[in-house]
Amino acid sequence: MLLVFSLIAVFLVLVLLLKNQYFLLFSFMVLLCTLLPAYWRFEHQPLKTQTLMFVAILIALAVAGRVPFASIPSVQAASFVIILGGVVLGPELGFVTGSTTALVSNMFLGQGPWTPWQMVAWGLMGLTAGFIGRTKFRHSLIAMIVFGGVWGFVFGWMMDLWYALAYVTPLTPKSFILAFVASAGFDLNHCLSNVVLIGLLYRTWEKLFNRLDRKYSFLPKQ
């Protein structure tokens, strides 16, 4: 995992140094890096075909939850699906689900230099949700609501960091802070949409996935 994150960090730095050129190429490089944990898991604990199909279905659901709401800034269901995917699939496949969602959904909404940053942000959301899924907090609705709400802001801050480093000139402490403050409303929208969806749907979806797993045994054992 350390190698994966080191490579991704190098690609993100190159995007900035090359003034956001070749962003699509770097997006696919990031995608390849995010698939490395899945291959690692495949080598150490073979994944069933059903599991890979379930990952693909989650990605499709996340994309479907983002694209129709594109006209409402930062309000979409993609983050909810990614968080739940991380909880049930674990950190590695949670990372794959999040990062791939960004790339695929941007094929409908438009690719840009923001794509690799969104891939990393959503990938980390799925990764951390996977770690939460290995603890007792996955069964606490309050804990999951807090987790989703916090990630609504963390995702926005990661995108603000890219924007400030790439476009804010001159970059001073004041202009850096203003870049973050300017997007506070969008981050709040993301936070609230996560909170509402997790509050309303988390229990139902978790029970559904567990019921399907008992029948088809497609979830990896953690």
Side-chain angles (χ1 to χ4, degrees), residues 5 34 55 58-106 109 114-164 176-210 222:
F5 288 123
T34 64
V55 173
L58 279 180
I59 293 170
L61 285 173
V63 172
R66 182 187 180 203
V67 174
F69 299 98
S71 60
I72 309 174
S74 298
V75 175
Q76 31 74 18
S79 293
F80 164 73
V81 178
I82 290 166
I83 289 171
L84 190 64
V87 168
V88 300
L89 290 170
E92 298 92 349
L93 295 181
F95 191 73
V96 171
T97 301
S99 62
T100 309
T101 294
L103 181 63
V104 175
S105 60
N106 281 351
L109 301 176
W114 53 83
T115 298
W117 293 83
Q118 288 176 333
M119 292 176 68
V120 173
W122 262 318
L124 290 176
M125 184 185 294
L127 177 79
T128 52
F131 288 124
I132 291 290
R134 292 178 173 177
T135 70
K136 62 181 181 180
F137 293 111
R138 69 173 291 174
H139 302 298
S140 170
L141 183 60
I142 298 299
M144 295 310 303
I145 287 174
V146 171
F147 177 82
V150 169
W151 256 106
F153 284 100
V154 173
F155 181 93
W157 293 337
M158 293 183 69
M159 299 308 297
D160 293 340
L161 176 62
W162 157 74
Y163 176 80
F176 188 78
I177 293 173
L178 287 175
F180 280 72
V181 172
S183 69
F186 301 112
D187 300 339
L188 180 61
N189 287 345
H190 195 171
C191 166
L192 293 177
S193 65
N194 287 354
V195 166
V196 171
L197 289 172
I198 291 174
L200 293 177
L201 301 176
Y202 180 79
R203 292 286 194 206
T204 303
W205 281 45
E206 185 185 28
K207 289 179 181 178
L208 173 62
F209 290 164
N210 289 334
Q222 301 177 28

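Quick note: numbers below take in every heavy atom, side chains included, and nothing from hydrogens, waters or symmetry partners.
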Nearest heavy-atom neighbours spanning Ser193 and Ser74: OG-O, 3.8 Å
Distance in Å, Ile83 CD1 paired with Arg138 CZ, rounded so as to fall on 0.5 Å steps: 13.5 Å
Heavy-atom closest pair, residues Leu197 and Phe80: O-CE1, 3.8 Å
Pairwise distance NE2(His190) to CG(Asn194) - rounded to 0.5 angstrom: 4.0 Å
Closest non-hydrogen atom pair, Ala70 against Leu109: CB-CD2, 3.5 Å
Distance in Å, Thr97 OG1 paired with Leu61 CG, rounded so as to fall on 0.5 Å steps: 10.5 Å
Set of residues satisfying side chain to side chain contact (heavy atoms under 4.5 Å, CB included) with respect to Ala78, sequence neighbours excluded: Ala62, Arg66, Gln76, Thr101, Trp122
Spatial distance of atom CG (Leu89) from atom CG (Leu58) [nearest 0.5 Å]: 6.0 Å
Ring pair (Phe, Tyr, Trp, His ring centres under 6.0 Å) partners for Phe176, two or more places apart: Phe180
Val88 and Trp205, any side-chain heavy atoms less than 4.5 Å apart: no
Heavy-atom donor-acceptor pair, Ser99 side chain to Gly123 backbone, under 3.5 Å: no
Side chain to side chain contact (heavy atoms under 4.5 Å, CB included) partners for Ser71, two or more places apart: none
Ser105 side-chain N/O to Ala102 backbone N/O, donor-acceptor pair under 3.5 Å: yes
Criterion side-chain contact (heavy atoms from CB on, under 4.5 Å) on Phe209 and Leu84, from CA distance to verdict: CA-CA 10 Å; Phe209 290 164; Leu84 190 64; 3.2 Å; yes
By side chain to side chain contact (heavy atoms under 4.5 Å, CB included) - contacts of Asp187 (at least two apart): Phe153, Trp157, Asp160, Ser183
Aromatic ring pairing Trp162/Trp117, orientation class (parallel under 30°, perpendicular over 60°, tilted between): tilted
Closest approach of Leu141 to Ile198 (non-hydrogen atoms, all atoms of both residues): CD1-O, 3.6 Å
List the atom pairs, with distances to 0.1 Å, where a side-chain N or O of residues 142-151 and a protein N or O form a donor-acceptor pair under 3.5 Å, not counting sequence neighbours.
unit_1, atom_1, unit_2, atom_2, d
Trp151, NE1, Thr128, OG1, 2.9

By ring pair (Phe, Tyr, Trp, His ring centres under 6.0 Å) - contacts of Tyr202 (at least two apart): none
